[in-house]
Every structure is written in structure tokens, then in C-alpha cells.
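One structure below.
For this chain, numbers begin at 1 and follow the sequence in order.
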Amino acid sequence: ARNLLSRFDLLEAGERLVKTYSGGMRKRLDLAASLIGNPKILFLDEPTTGLDPRARIALWDIIRDLSARGTTILLTTQYLEEADQLADKIAVIDQGHIIAQGKSSELKSRVGQQVVEVHITKDHNLGDVANLLARLGPKKPTINTQERSIVVPAQDGAASLINIVRTLDQAGIGIADIFLRRPTLDEVFLSLTGRRAE
């Protein structure tokens, strides 16, 4: 127990009542307690829910370390970034059914190798801009109204980025920001289900 408390940075708090622990400390204690029997397989059900970003990253490091030491971990999470960071293999479940599975890179390739994310200035309608950009390729762009952005599959990489900039410039549409990147697992989920992960 003392070794586990030390490993999870809880040694100084080891004499305190658990009810005085923060949420992150309790999550680490739960994980430490599950390792007392040195399990070969460990099931973690949304282990970082409710944690602040710093505590989440610390717990991710612990999970990576356990995996590197040979423990097989089955992790359920609604944070797709977490799955992307930690999982060797991912199964996407929608309404109780596995709808896709594979490595993160394999799932992302379903959306495309790269995407262009365009942030439009406030004086333009996102729907109209998305319809304009839809003419550039076979896959439909997706709109994020909160961020005022449109994500367009970039079949031709940098050439797609240049084509989008030219198209928007010719239409007189202001660009607040634009960049080329790999798809996220959130975008994979959206392409598979037609809606964002909740």
C-alpha cells in the first residue's frame, strides 16, 4: 500500500481521511487500490470524468505507465481526445452497438488524411460558406457554430488549402483563421453517426 501511495503521489496524504481528498486525488487512490492485486487486466470506466486538465494529464501518465508495464487496460470514455491519447485500439459504440473499430489512424483515415479548418469572420453566414466549399470536393464540409468554423476534407493536402483560400478570397469572404490538420476522433464520430459525441 505504501509503495502504491508513493507511486501515485499520495504518500503525504496517506494518513488523511479520504473525504478530505480532492477529486483528482480520489481518482488516483481508486486506481492505486485496483492495483493491489497486480492485475493483468484492468477495467477503467471514465476514469477522468470531472477532473481538471492538470489532474487528467497526470492520470493519463499513470495509465500509460501501467500499459507500458504490461497491464492490459479496457478504458471506456466519452472524451474522444482521451481515447486518442491512450488507446492502441478503439471501438466506437453508438446506441449500444460497435459501429467502427481499429487504431486511431485507421479511424481518422475514414474522414480523410487531412482536413482544412476555416474560421470565418462574423459578417458571413456559415451555411452559405459551407455550401460554397461543398463544391470543391466529394465530401460535405461540417459546421461548428460555436467556433464559427467549417471543416473541409482535404483530399489534396496543401493544394486543397490553397484552393479554399482562393475560393473564399474570390467570393469576398473574410477568413479569421485557417489551417491544415489531421482529423480528430470527434470528427470521425460525426462522420460515422451524423452527430457529435455526447
### Task
Dump the intermediate steps for side chain to side chain donor-acceptor pair (under 3.5 Å) on T76 and D45, then the final yes or no.
CA-CA 5 Å; T76 62; D45 185 17; 2.5 Å; yes

### Query
A33: what forms a side-chain contact (heavy atoms from CB on, under 4.5 Å) with it, not counting sequence neighbours?
none

#### Entry: Donor + acceptor pair across side chains of H119, E117 (<3.5 Å)
yes

### Query
Cluster question for you: counting only ILVMFWY and a side-chain heavy-atom cut-off of under 4.5 Å, with indirect links fine, are I143 and L132 together?
yes

### Summary
Residue set satisfying side chain to side chain donor-acceptor pair (under 3.5 Å) with R26, at least two apart, ordered chain then number -> none

### Task
Walk me through it: do T71 and K40 pass the test side chain to side chain contact (heavy atoms under 4.5 Å, CB included)?
CA-CA 5 Å; T71 301; K40 293 181 180 179; over 6 Å; no

### Query
Which residues pass the side chain to side chain donor-acceptor pair (under 3.5 Å) test with N163, sequence neighbours left out?
none

#### Entry: Any side-chain heavy-atom pair of I63 and P47 under 4.5 Å
yes

### Summary
Between P141 and A130 the two heavy atoms that sit nearest each other are CG-O, 3.7 Å

### Task
Keeping the roles fixed (side chain from S160, backbone from D156), state whether a donor-acceptor pair exists under 3.5 Å.
yes

#### Entry: N/O donor-acceptor pair under 3.5 Å between R166 side chain and Q170 backbone
no

### Query
I90 and L44: same hydrophobic cluster, using ILVMFWY side-chain contacts below 4.5 Å?
no

### Query
What pair of heavy atoms forms the shortest contact from L5 to G14, and how long is it?
CD1-CA, 4.1 Å

### Query
In the hydrophobic clustering (ILVMFWY, side-chain contacts below 4.5 Å, transitive), which residues join I41, or is it alone?
F43, L74

### Task
Treat each ILVMFWY residue as a node, draw an edge where side-chain heavy atoms are under 4.5 Å apart, and state whether L17 and L11 are in one component.
no

### Heavy-atom closest contact (T121 atom, A176 atom, distance)
CG2-N, 4.0 Å

### Task
Please report the C-alpha distance between L42 and S34 in whole Å, then the side-chain angles of each, then the deciding distance to 0.1 Å, and finally whether the side chain to side chain contact (heavy atoms under 4.5 Å, CB included) criterion is met.
CA-CA 8 Å; L42 183 62; S34 68; 3.5 Å; yes

### Task
Examine distances only and state if a side-chain atom of R148 and a backbone atom of L126 form a donor-acceptor pair shorter than 3.5 Å.
no

#### Entry: Heavy-atom pair with the smallest gap, counting every atom of G157 and Q114
CA-OE1, 3.2 Å

### Summary
Tracing side-chain contacts under 4.5 Å among Ile, Leu, Val, Met, Phe, Trp and Tyr outward from I93 reaches I98

### Query
Is K103 close to D88 at the side-chain level, that is, under 4.5 Å between some pair of heavy atoms?
no

### Task
Could you go through the side chain to side chain contact (heavy atoms under 4.5 Å, CB included) check for E46 and Q78 one step at a time?
CA-CA 7 Å; E46 300 191 7; Q78 292 184 36; 3.2 Å; yes

### Task
State, without any angle test, whether D84 and S104 hold a side-chain donor-acceptor pair at a distance under 3.5 Å.
yes

### Summary
Scanning both residues in full, the closest heavy-atom pair of L51 with R56 reads O-NH2, 3.3 Å

### Test item: R28 side-chain N/O and F8 main-chain N/O as donor-acceptor pair under 3.5 Å
yes

### Task
Check the pair T193, D94 against side chain to side chain donor-acceptor pair (under 3.5 Å), reporting the backbone distance first and the verdict last.
CA-CA 8 Å; T193 65; D94 185 38; 5.2 Å; no

#### Entry: Linked, directly or transitively: F189 and L75 (ILVMFWY side chains, under 4.5 Å)
no

#### Entry: Cluster check W60, L80: I/L/V/M/F/W/Y, side chain < 4.5 angstrom
no

### Query
Can you list the steps and then say if L168 with I164 is a side chain to side chain contact (heavy atoms under 4.5 Å, CB included)?
CA-CA 6 Å; L168 294 176; I164 289 169; 3.9 Å; yes

#### Entry: Minimum-distance pair of heavy atoms, taken over all atoms of H124 and V129
CB-CG2, 4.2 Å

### Task
Any pair with a residue in residues 60-83 that passes salt bridge (charged side-chain N to carboxylate O under 4.0 Å, His left out), sequence neighbours left out, goes on the list, sorted by first then second residue, please.
R7-D65, D61-R64, D65-R69

